[in-house]
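Working notes, beginning with the structure itself.
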Amino acid sequence: MSNSARMDFIKAYFAMEEKITLEIKPVVTETIKGTVIKRFNGKRAGIEFKEGIGYCERKEVQNIKDNFPHIIIHLPEETKGSVN
């Protein structure tokens with residue numbers, strides 16, 4: 001890996017760390033043949049979700065929290081130091 005490729009990788013990694021992870025819960029349906037789990041793929045609040053996971057900027061968190069209460073927000077401060 002060249003030095004410039006390594007720097008690009010590090011920049012991309014830390015740019016992703018600045019993003020806040022959002023989650024939409026999957027829909028679980030019990031059928032005769034078993035359990036069917038559907039995860040959301042699409043756009044909500046102008047954010048692209050894939051398999052129920054999306055990313056946003058920190059400044060957008062309060063707007064999402066107010067207008068879309070069903071979206072789960074995973075803040076990095078809440079997960080640091082967790083023993084679970």
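These numbers come from the heavy atoms of this one structure, side chains and all, not from hydrogens, waters or symmetry mates. This is a predicted model, so every value here is computed, not measured.
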(request) Return the minimal non-hydrogen interatomic distance between G52 and R39, and the atom names on each side. (result) N-CB, 4.2 Å
(message) Applying side chain to side chain contact (heavy atoms under 4.5 Å, CB included), can you list everything that pairs with F49, at least two apart in sequence or on another chain?
(response) L22, I24, F40, R44, I47, I71
(message) Who clusters with V28? Use side-chain heavy atoms, under 4.5 angstrom, across I, L, V, M, F, W and Y, and order the result by chain and number.
(response) I37
(request) Give the other cluster members for V27, using side-chain heavy-atom distances under 4.5 Å between Ile, Leu, Val, Met, Phe, Trp and Tyr residues; answer none if it is isolated. (result) none
(request) Please identify each residue that fulfils side-chain hydrogen bond (donor to acceptor under 3.5 Å, both in side chains) with E60, with sequence neighbours left out. (result) none
(request) State which residues pass side chain to side chain contact (heavy atoms under 4.5 Å, CB included) with N63; sequence neighbours excluded, sorted by chain then number. (result) N67
(message) For D8, give me all partners under side-chain hydrogen bond (donor to acceptor under 3.5 Å, both in side chains), at least two apart in sequence or on another chain.
(response) none
(message) I'd like to check the side-chain hydrogen bond (donor to acceptor under 3.5 Å, both in side chains) partners of T35; sequence neighbours left out, ordered by chain and number.
(response) E30
(message) Going by side chain to side chain contact (heavy atoms under 4.5 Å, CB included), name the residues that satisfy it together with K25, two or more places apart in sequence or in a different chain.
(response) I72
(message) Ignoring hydrogens, what is the shortest heavy-atom contact between I20 and R58? Give both atom names and the distance.
(response) CD1-NH2, 3.7 Å
(message) Using the side chain to side chain contact (heavy atoms under 4.5 Å, CB included) criterion, which residues pair with S4? Sequence neighbours excluded.
(response) S2
